[in-house]
Amino acid sequence: MKIITWNVNSIRARLEIIANYIDANSPDVVAIQETKVVDEDFPIETFKVRGYDVAFSGQKAYNGVALMSKFGLENSKGNLIDSNNEKRTIQAQINDITIINAYFPHGRLKGGERFFFKLEFFKKMKNYVEKESLIQKRMILLGDFNVAPEEIDVWDHILLGNSIGFMDEERDAFRDLVSIGLIDAFRLKHPNERAFSWWDYRDGSFRKNEGMRIDHILISPALQSNLAECFIDKGPRKLKGTSDHAPVVVEIK
DNA sequence: ATGGTCGGACCCCGA
C-alpha cells in the first residue's frame, strides 16, 4: 500500500498538479493538508473518477485536510482534538490501519499566542493517540507537523536556531509526541540523509536547497516490520505554480 | 538587473 502526504497550499489552485501526480504515481492513499476550501466546494469529482473514496474537513481560506483512499474509508471523522474550531485533523481506517492526517499549527513567532497554540496542539495529539489506545494498533500519524526535529532535518541548524519550526520548544513538543512509541518512517529508512520536504517560496530557497523536513510519516511499532520504503519526492516541487511542500511517500507491505 | 513568494480574501493576513 502506497501512501502519500502532501501539503498542497490550496487544493483548488493545485488541482491539475495533484491529478497529474496521482495519474503518474498511483498512490493508494492520499493525505492532503491546507486544502483551503469549504466542504461544499471540495473538488471531489477529480478524485472519485480516479477511483478514490474521499473524506474532508475544511474551512474558508485557511487550513483544511482531506483523505483519499482506493481501499475505502471506514469510520472517517474530522476535528479529532480541540483546536479553536480550525479544521486541522481527519482520521479513517483503511485496510485495518488507522490513519490520522494532521496539519499542525505554524506557530508564527516565539512566545506569541499562536506559538503556545502550536505546543498545545502537540500535547493534545499525544493525549488523543493515548486515549484511543492507537499506539498498540496498526496506526499511522502523518501530515505537516511544522517542526524539523533534528539538526539533520534543516539546511543550516546554526542559522535556523531561532526560526519557527526549529526552536527547542517545538522540537521538544515533537519528541514528546513521538516518545509514546511512534517511529519516524523516513528517518528509520534513511538514518543519515539530509532531506527536506519544504522550501520557502522566497529567496530562491528551492534552487539553493535551503529547506526543512517538516512533513512526517509516523508509524506505530505494529507496522515497523511492514515498512518497505519512505522517501520525499522532490519532483512536484520543481513545477511552475506548485506547492512549497513536496509529497512524502511511504510503502507499507 | 533600478526586483526577488504564494493563495485567498479583499486592498491585508497567514504561511
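Only heavy atoms go into these numbers, but all of them, side chains included; no hydrogens, no water, no symmetry mates. Quick note on labels: first sequence line is chain A, next is B, and so on, each numbered from 1.
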Query raised in the report: For A/Glu193, what residues pass the salt bridge (Lys or Arg N to Asp or Glu O under 4.0 Å) criterion, not counting sequence neighbours?
Result: none

Query - ring-ring contact (aromatic ring centres under 6.0 Å, His included) against A/Phe42, all qualifying residues, sequence neighbours excluded - result: A/Phe56

Requested in this report: Go through the structure and list residues passing salt bridge (Lys or Arg N to Asp or Glu O under 4.0 Å) with A/Asp233, not counting sequence neighbours.
Outcome: none

Requested in this report: Tell me, please, which residues at least two apart from A/Lys60 pass side chain to side chain contact (heavy atoms under 4.5 Å, CB included).
Outcome: A/Val38

Query raised in the report: Which hydrophobic side chains are connected to A/Met125, either touching it within the sub-4.5 Å cutoff or through other members that do?
Result: A/Leu80, A/Ile81, A/Ile100, A/Phe104, A/Phe121, A/Phe122, A/Tyr128, A/Val129, A/Leu134, A/Ile135, A/Met139, A/Leu141, A/Phe145, A/Val147, A/Phe174, A/Leu177, A/Val178, A/Ile180, A/Leu182, A/Leu218

**Report entry** Under 4.0 Å protein heavy-atom contacts per nucleotide of nucleotides 7-15 of chain B, with B for base, S for backbone only and - for none
**Finding:** SSSS---SB

Report task. Taking A/Lys126 for its side chain and A/Ser179 for its backbone only, find out whether a donor-acceptor pair lies under 3.5 Å. Result -> no

Query raised in the report: For atom C1', what is the distance between B/dC6 and B/dC10, given to the nearest Å?
Result: 16 Å

Query - Whole-angstrom distance between B/dA15 and B/dA9, as gauged at atom C1' - result: 15 Å

Query raised in the report: Should stems be defined as at least three consecutive Watson-Crick or G-U pairs with both distances under 3.5 angstrom, which of them involve DNA chain B?
Result: B:5-8 with B:12-15

Query raised in the report: Taking only residues two or more places apart in sequence or in another chain, which ones pass ring-ring contact (aromatic ring centres under 6.0 Å, His included) with A/Phe206?
Result: A/Trp199

Report summary line: Given the 90°-from-0 boundary between syn and anti, B/dG4 should be labelled syn

Report task. Name all residues meeting the side-chain hydrogen bond (donor to acceptor under 3.5 Å, both in side chains) criterion together with A/Glu132; count only those two or more places apart in sequence or in a different chain, and write none if there are none. Result -> none

Query raised in the report: Say you pick atom C1' in B/dG7 and the same atom in B/dC11; how far apart are they, in whole Å?
Result: 15 Å

